[in-house]
Amino acid sequence: MARYDVIVLGGGAAGLFCAATAGQRGRRVLVLEHNDRVGKKITISGGGRCNFTNIHASPENYLSSNPDFCRSALARYAPSDFLALVESRGIPWHEKKLGQLFCNTRSQDIITLLLDECARAGVTIRCGTKVGEIQKADHFRVGTDGGDLSAEALVVATGGLSFAKLGASDLGYRIARQFGLRLTAIRPGLVPLTFSGADRETFGPLSGVSLPVRIRHGGAVFEESMLVTHRGFSGPAILQISNYWKEGQTLSIDLLPAGGPDPAPGRGTAVAQLCHVWPKRFAEVWCARYTPDKPVAQWTAREREEAQRRLHAWPVDFSGTEGYPKAEVTLGGVDTRDLSSKTMEARRVPGLYFIGEVVDVTGWLGGYNFQWAWASARAAGQAV
Ligand SMILES: Cc1cc2nc3c(=O)[nH]c(=O)nc-3n(C[C@H](O)[C@H](O)[C@H](O)COP(=O)(O)OP(=O)(O)OC[C@H]3O[C@@H](n4cnc5c(N)ncnc54)[C@H](O)[C@@H]3O)c2cc1C
């Protein structure tokens, strides 16, 4: 049976970075990936340009049952550390907005970087491998369709359930359960929300229209754009707030985040006034539904008040989310109470580590999730 110091399950962002870190410390490392190639999610990330970190990443940008858990790993491997690695490879990058760093050309640059780091560290990578039963005696024994393997340490980096077509599986959660670790409830995150009731008929035809909004919900506030789709609302503001939204809750959307123009007398119809700040089609449909059908000068004080209230706090209900197939991340996962925040090792199972998205740590949209992948991978890679 082939023996390694470390077996990493999952050749995604966290798995590859952990393997390289451990390999560079002289550990004999094997990565097992069931896809035909590693890093498929990295390839499509950031619209093909991988938003590989966020220079403002801090614990406040993450959701977890224990918001302090991510603190140590993030402090020890900062966005500037990953950026230094990117720059050392001469990979061209730019800041798009809000501290979000993207590759100038393509995500493949990041995959090549990770593969080079692994090669330099003598890491073996096996793609197209089916992982079967896992046992632990002295060592971990990993059954695969290519035979049994053994290792002192097992790192689970199999990610969450989103985007199953890219290879997502529940293996990480099953391993956690097998070894007695607790799991927190999981659900799709950074995901479009779907219309309820008549909203689909009213707003669905506006698919493609986007406008700036501010949404405050569950203690978070995001001021970004919202995109109308055939099935609901998406765009950065909605994806961000979806992490905080739960089924049955109403969102209150400020449609004029920059202030005016609140409909005022003497300036024609509400549509005429609002189409200066909104796409015309949205102004027409929204005003037809919510404002009196007469010039603003003829509105009563009450009608004006009502319109202003709705413009700044438009209550919207949703039937649900687009689910894992469209979710960028999975919220929840391996309960951090059962992991060391310094090393990511399971507290009661020496040698077993969980890193990246499989752990109950989820970042905002904008490079935060990759930063968690790098930081948690680094913490484990230095400990295994
Ligand atoms: C469309 C999209 C765009 C995104 N864009 C960004 C972005 O620009 N910036 C950002 O910060 N985050 C982004 N994310 C989120 C980010 O991709 C993830 O948070 C990150 O990849 C998590 O890293 P990970 O290594 O934990 O998991 P993954 O990258 O998902 O890697 C897990 C690996 O394990 C493998 N695996 C799973 N099950 C098994 C099994 N049973 N046997 C063997 N191997 C297995 C998978 O095939 C995969 O290769 C995006 C996500 C999506 C879906």
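What's counted below: heavy atoms across the whole structure, side chains too, no hydrogens, waters or symmetry copies. Since this is a predicted model, take the numbers as computed values, not measurements. Order of appearance sets the numbers: ligands from 1, and atoms from 1 within every ligand.
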Quiz item: Counting only heavy atoms, which portion of F163 has something under 4.0 Å from ligand 1: side chain, backbone, both, or neither?
Solution: side chain
Quiz prompt | Sub-4.0 Å atoms of ligand 1 with respect to non-hydrogen atoms of N35 | solution = 47 (O)
Quiz item: Ring centres of F17 and Y77 under 6.0 Å apart?
Solution: yes
Quiz item: Measuring from the heavy atoms of I44, does anything fall under 4.0 Å of ligand 1?
Solution: yes
Exercise. Evaluate the ring planes of F102 and H94, with Trp represented by its six-membered ring, and classify them as parallel (under 30°), tilted (30 to 60°) or perpendicular (over 60°).
Key: parallel
Self-check item: Nearest-contact summary for atom 10 (C) of ligand 1 - protein heavy atom, Å
Solution: F370 CD1, 3.1 Å
Quiz prompt | Salt bridge K130-D145, side-chain N to carboxylate O under 4.0 Å | solution = no
Quiz item: Looking at E33 and K40, does any basic side-chain N land under 4.0 Å from a carboxylate oxygen?
Solution: no
Quiz item: What are the atoms of ligand 1, with element, lying closer than 4.0 Å to any heavy atom of S45?
Solution: 3 (C), 4 (C), 5 (N), 6 (C), 7 (C), 8 (O)
Quiz item: Applying a strict 4.0 Å limit to heavy atoms, is E33 in contact with ligand 1?
Solution: yes
Quiz prompt | D335 bridged to R347 by N-O distance under 4.0 Å | solution = no
Exercise. Examine ligand 1 and decide if any of its atoms is less than 4.0 Å from a heavy atom belonging to G11.
Key: yes
Practice problem: For Y368, take its heavy atoms, then give the atoms of ligand 1 lying under 4.0 Å from any of them. | Solution: 11 (O)
Quiz prompt | Protein contact to atom 29 (O) of ligand 1 [nearest heavy atom, distance to 0.1 Å] | solution = A13 N, 3.6 Å
Practice problem: For the pair T53 and V86, evaluate side chain to side chain contact (heavy atoms under 4.5 Å, CB included) and give the outcome as yes or no after the intermediate values. | Solution: CA-CA 10 Å; T53 192; V86 166; over 6 Å; no
Exercise. Specify side chain, backbone, both or neither for E357, according to which of its non-hydrogen atoms lie closer than 4.0 Å to ligand 1.
Key: both
Practice problem: Decide if the gap between the ring center of F203 and the ring center of W314 is smaller than 6.0 angstrom. | Solution: yes
Quiz prompt | Residues R309, E305: salt bridge by 4.0 Å N-O rule | solution = no
Quiz item: Near G167, which atoms of ligand 1 are under 4.0 Å from a heavy atom of that residue?
Solution: 36 (N), 37 (C), 38 (N), 46 (C), 47 (O)
Quiz item: Nearest to atom 43 (C) of ligand 1, what protein heavy atom do you find, and at what distance?
Solution: H34 N, 3.2 Å
Exercise. Could you tell me whether A157 approaches ligand 1 through its side chain, its backbone, both or neither, with non-hydrogen atoms closer than 4.0 Å?
Key: backbone
Quiz item: Tell me, which protein residue and heavy-atom name are nearest atom 27 (O) of ligand 1, and how many Å apart are they?
Solution: G159 CA, 3.5 Å
Self-check item: Which of the ligand 1 atoms, numbered from 1, are nearer than 4.0 Å to a heavy atom of G356
Solution: 26 (O)
Self-check item: N51 N/O to ligand 1 N/O under 3.5 Å
Solution: yes
Exercise. Could you see which bit of F52 sits under 4.0 Å from ligand 1, with heavy atoms only: side chain, backbone, both or neither?
Key: neither
Quiz item: Relative to ligand 1, is L171 under 4.0 angstrom through side chain, backbone, both or neither, heavy atoms considered?
Solution: side chain
Quiz prompt | Under-4.0 Å salt bridge between E284 and K280 | solution = yes
Exercise. Check whether more than 12 heavy atoms from other residues, nucleotides or ligands sit under 6.0 Å from atom NZ of K294, and answer yes or no.
Key: yes
Quiz item: Hey, is N369 touching ligand 1 through its side chain, its backbone, both or neither, going by heavy atoms under 4.0 Å?
Solution: both
Self-check item: Nearest-neighbour protein heavy atom for atom 51 (C) of ligand 1, which is reported as residue plus atom name and distance
Solution: E328 O, 3.2 Å
Quiz item: Counting each atom of ligand 1 from 1 as listed, which ones have a heavy atom of G367 under 4.0 Å away?
Solution: 9 (N), 10 (C), 11 (O)
Exercise. For the pair F370 and W374, name the ring-plane relationship: parallel under 30°, tilted 30 to 60°, perpendicular over 60°.
Key: parallel
Quiz item: Can a salt bridge be assigned to the pair K97 and E224 using a cut-off of 4.0 Å between side-chain N and carboxylate O?
Solution: yes
Exercise. Output yes when a side-chain donor or acceptor of N243 lies under 3.5 Å from a complementary backbone atom of L63, and no otherwise.
Key: no
